[in-house]
Structure formats: C-alpha cells, structure tokens
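Just the heavy atoms: all of them, side chains too, but no hydrogens, waters or symmetry mates, feed the values below. All residue numbers refer to positions in the sequence shown, counting from 1.
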Amino acid sequence: MAGPSSTRLSLAMERTGQWIFSQDIPSDVIVEVGEASYSLHKFMLVAKSNYIRKLIIDSEESDLTRIDLSDIPGGAEAFEKTAKFCYGVNFEITVHNVAALHCASMFLQMTDEYCDGNLAARTEGFLSQVALSSLTGAVTVLRSCQKLLPFADDLKVTNRCVEAVGSSASSEAYFPSKSPSNWWMEELAVLEVDSFAKVIMAMKKRGAKYHTISGALITYTERSLKELVRDQSGGKGRVELSDFSDSDSDSSVRIQQREILQSIVVLFPSEKAAFPINFLCCLLRTAIYLRASSSCKRELEKRISEILEHVTVDDLLVLSFTYDGERLLDLDSVRRIISGFVEKEKSTSVFNASGSDFIENCSSPAMQRVAKVVDKYIAEIAAYGELAISKFNGIAILIPKHARKVDDDLYRAVDIYLKVHQNLDEIEREKVCSVMDPLKLSYEARVHASQNKRLPVQIVLHALYFDQLQLRSGTAEDRNVVASRNQKLQTDVSLVRENEELRSELMKMKMYVSDLQKNGQATTSSSKESVKKTNFFSSMSKKLGKLNPFKNGSKDTSNIDDETVDLAKPRRRRFSVS
C-alpha cells in the first residue's frame, strides 16, 4: 500500500504533466518542496529564475539533478504557480495568493532585472492597483502575510498592507461607504492580534479619535474572546460557562486567549471614558479567569475606578463570581477598585480658607451613588456561606461613613449575612454589625432592628436609644414629632412582646392537651384539664385586658364582681321645684 508521501508525489507529477507540453523532452531536474516533488526542465526554470540559475552554476555536481526549495515562502502551492509561469501556463492572481506569489517570485529572483515581464513585476502591479485599493482586499492580503513571515516583513508587504488598512478604516469611520456604518470594524476583527495591533497603531498615527479606536477594540474583543466576554451588555452579571473550568486555564487555547487579552489592553486609548464600565468589568473577570499578568489586571482596575460612579450592582457581581455563577472569586480586585475610587475622590477635596483643616469631599453625588451601589452589592454576596467576616467588613468599611445618608442598605446586608451565617457567636456578630451605625437607621429600619433577634443586644439598645437623644437635642416641634414616633415605637415593641407571650401560652396549652389525649386519662384528668383551661383563660383575659382601648378612657368593668352587683330596680324619685 502506497504511503502518504508517495501519493503526494504522484499527484504532483500528475499535475505537472498536465501543463508540460514538451513531453518529447525528458525532464532533467527534480525540484523538491517539502514532501512534494516536481519533474521539470532546467532550461525552462533558468529562463525566469536567477536563483535557480545560480544554484546550477554554483553546484559542485557536474549535472545537478535534484534541487531542494523547501524554504520557499508559500510552500508547494506557491512554487507550483511560479513553475507554471516559467512554462507559460496561465493562472489567476487573486488577493488570496498575491502575497505568497510575490514573496516566492522575489525569493526565486524572478524580477524584471533578470527578465522583462517577470512574475515579480506582475504581482507588484496587482498589489498596488487591485489588492491594496480596498479595505477588504488589504485585510485579506494582510491575513495571508501571517504565514509568510519573515519574508513578508522583509519585503515590506506587511507594512504596506497595514498602512492601506489603517487608511481605509480611518476613512470609513468618518465617511462610511456601506451600511451599517461600523462594517469596517467587523472587517478588522478577522485579523490576527499582531496584525490588528499594527492597524490600530497606524490609525492612531492618522489621528483617529478615541471612540473610533475603542469601537474597533470592543468589536475585536467580542469576536476573539466571545465565550468569555459575551455578557458585556450587562445582563444578570453571571455567565453560565460550564464548558470551561479552572483546570484548563493553562491549555494552549487559554494561553492564546491570554495573549490576545493582554495585547488588547495595551492598545487602550488614554481617555478614561473610552469604554463602558460593563465592558471593562467583563474584561477584568476574563483577565482573572485567564490568569493574565498583574499589569494587565491593574490597568483594568484603574480604568474601572476612574468611572466607578457609573457602576451597577450587576457590574460588580460580574467581577465576583466564577463563570458558572456558583463560587465567589477572590474579592481583592473589587476592594482595589473601590479603594482607588475613594482615593480619587479624596484627591479632589478642598481646603478651607485657613488652609490647615482638610475637608473631605466624600459626600459628592458620585460618592453617594457608589456607596449605595456598594451596599446593595454587599447584600448580594452576603448570601454566600463562604464569605468570611474579614472579606465582608473589608469591602463595607472602604466607603467613608459620612458618604451614607442612612445605613438602611448596609443594615439589610448585615441582616442577610447574620441570617446565612447562623453559627456566629456574640463577638463575631458584633464584629459584623460594627460596619454600620445604628443611629443612622431610618424609623422603619429601627423598628425592624428592635425586633431582630439575630442582632447583638448592644445594637438593639442603640436603635432604641436614638430617639431619646433626639428628644434632648431637638427643638420643641422636633421633640413632639420624635416623642410621637418614640411612643409609637414603644407601643409596637410592647405589642410584639405581648403577642409573643400569648403565642407561648397557646403553645403550652396545645402541648398539654396533646399529652392528655395520648395518656387517655379519665374524669379526674378531665377536671384537671378544665382547671388548667380556667387558669389559661384567666391568664389570657389578663393579657388581653392590657390591650383594652377603653381601660384608661372609659369605665373599666373588668374588676367588677358579679355577686356584688345590685340588680334591683331603682326607686322612682320625684323631682319638683317646690
């Protein structure tokens, strides 16, 4: 059975025989290109190729019968077309093969200096007049140059393609010739990352605006890393990517994706508003997943910090979870982003007239918005049992306390954390609650906190004591408002406690009746049961009496003894004016 090499050899021979017309003249040289071999004639090759002529002349053999051209750019396919040209056989030059033909013809020295109308001149004419005159053609040629390195670089074919693509793309960005207007971005997205980077640099040199560059970078990223950044539109913040796991993060595919990502980040324009924040968050999560370089991740974190006032809870959640949405990632990136934003806000602070006291501008609208988003974000991640107290507190304390008008959202996060982590002792619960200020809770939140059994006692006392402080420090009108609120709060708390006591009595009664039914006791037991019921309803009556709305206002008849009431008809009296 013939092997693969012999099969390729026979196919090459067969193709050669189809365009060699002088069958009467036997071939006198075999040209080997990789695993393919061609039986040709020296005089036909020497007529067009100065390189082959020099090989034959400089050969130590008197009759050279075998030539190895495995180093020719473009391989066997390119050599076959150059051989056809030597034999005068027509073939088509296209944008797909012109770069390989041009490099091969220059390698074989098939120039006009050696022979008029040679192949190199024809490929050069096609490059200049056809291939590089349009964006699509220039991109196709540039892609083909990737397989022709370093010959394409040495012959300046790559640079010419880059300049042509950069010029056409810049022109299309401002004066689009097709619809949609961003079609040229899709054209660039098919390039290898090295070629794409060269095109972006060429566009920058031509003065392309930052939003044009950022649009091309976003399109290229979405196409090159589509499985990793497909959620950049800002959906739920959690991408289900079950096909990928941490075990294959160092595979060849991941290494290639890592190189693409790092190359893209380097190309970012300097303007901080160049990219939407949800795109940057998805890109940072991709960098964490691919284990990109520290410089790459720090650059993304810095850019997110600069525009953090536009962040949403979903954007922060994108950074916090694995692609399957089941596990929390290392939250250090989130901490550095928030810390960077706070430091930036502090740098914009101003000094007072004396210049000695430092006035922090942490209550700016941007800071207040970020504080609200961060508190809601903490409430989302608090529901995960693996979140340590240090991580929870570490993010919460990054926001200055005076940046929050109220701590209701933070209280909600604390409550969720305590509800999920039920095994915490008193000291640990106090540590969790230390991130919030009970005195900054709203009235509704204080009511909830006063009834919350998960909170430490000290926090509940702070919530109840707040209104007393307002009573002492407020005006007369404020005192009346606070007093009414305080009275309502105390009433609500007392009602809740009494309801708890009634519920406890009911539970005891149910348990007692259940025990009697199980034991099957007789009449004596029944009498005892009635006594217990009497005691229970007496106790119930006392509890309900406290809730009697007429106890203090109208007559209270709860203590009147039925036996002492005189039911006799009163004597009619005559009232006269005599």
Compare every heavy atom of [Y] with every heavy atom of [X], then report the nearest pair and how far apart it is.
X	Y	value
I307	R303	CG1-O, 3.4 Å
S170	M203	OG-CG, 3.8 Å
A120	S105	CA-OG, 3.5 Å
I416	A379	CD1-O, 3.8 Å
L228	T286	O-OG1, 3.3 Å
C296	A287	SG-CB, 4.5 Å

So, [X] side chain and [Y] main chain: donor-acceptor pair closer than 3.5 Å or not?
X	Y	result
R254	L290	no
E299	V266	no
T123	V98	no
T219	A216	no
K205	G166	no
D315	T312	yes
D408	A445	no
S171	S167	no
E301	R336	no
S339	R335	no

Point-to-point distance, once rounded to the nearest 0.5 Å, from [atom1] of [X] to [atom2] of [Y]:
X	Y	atom1	atom2	value
H402	Q368	NE2	CD	10.5 Å
L308	R369	CG	CZ	9.0 Å
D409	K372	CG	NZ	4.0 Å
E306	L280	CD	CG	9.5 Å
E430	D425	CD	CG	9.0 Å
E271	I213	CD	CD1	10.0 Å

Could you go through S333 and L300, starting from their C-alpha distance and side-chain angles, then the distance that decides it, and tell me whether this counts as side chain to side chain contact (heavy atoms under 4.5 Å, CB included)?
CA-CA 10 Å; S333 289; L300 291 171; over 6 Å; no

Evaluate L119 against M106 for side chain to side chain contact (heavy atoms under 4.5 Å, CB included), listing each step before the verdict.
CA-CA 9 Å; L119 181 58; M106 295 300 294; over 6 Å; no

Side-chain polar contacts of residues 184-198 - donor-acceptor pairs under 3.5 angstrom, sequence neighbours left out - could you list them?
unit_1 : atom_1 : unit_2 : atom_2 : d
S195   : OG     : Q146   : OE1    : 3.2

Side-chain heavy atoms of [X] within contact of [Y], under 4.5 Å:
X	Y	value
C281	D314	no
T212	Y174	yes
V311	Y377	no
Y411	N452	yes
I378	Y417	no
S270	Y210	no
L149	T158	yes
F275	L217	yes

Looking at [X], I want to see if its [atom1] is surrounded by more than 12 non-hydrogen atoms of other residues, nucleotides or ligands under 6.0 Å.
X	atom1	value
R412	CZ	no
E428	CD	yes
K209	NZ	no
K431	NZ	no

The test is side chain to side chain contact (heavy atoms under 4.5 Å, CB included); show your working for N278 and H310 and say whether it passes.
CA-CA 9 Å; N278 54 352; H310 303 295; over 6 Å; no

When you check the side-chain N and O atoms of S295 and S293, is any donor under 3.5 Å from an acceptor?
yes

Using a strict 4.0 Å threshold on nitrogen-to-oxygen distance, state whether [X] and [Y] make a salt bridge.
X	Y	value
E426	R429	yes
R160	E124	yes
D437	K401	no
K376	E380	no

S320: which of I395, L387, L331 passes side chain to side chain contact (heavy atoms under 4.5 Å, CB included):
L331

If the plane angle is over 60° it's perpendicular, under 30° parallel, otherwise tilted; pick one for F268 and F279.
tilted

List the steps and the verdict of side chain to side chain contact (heavy atoms under 4.5 Å, CB included) for L135 and W183.
CA-CA 11 Å; L135 177 61; W183 70 273; 3.7 Å; yes

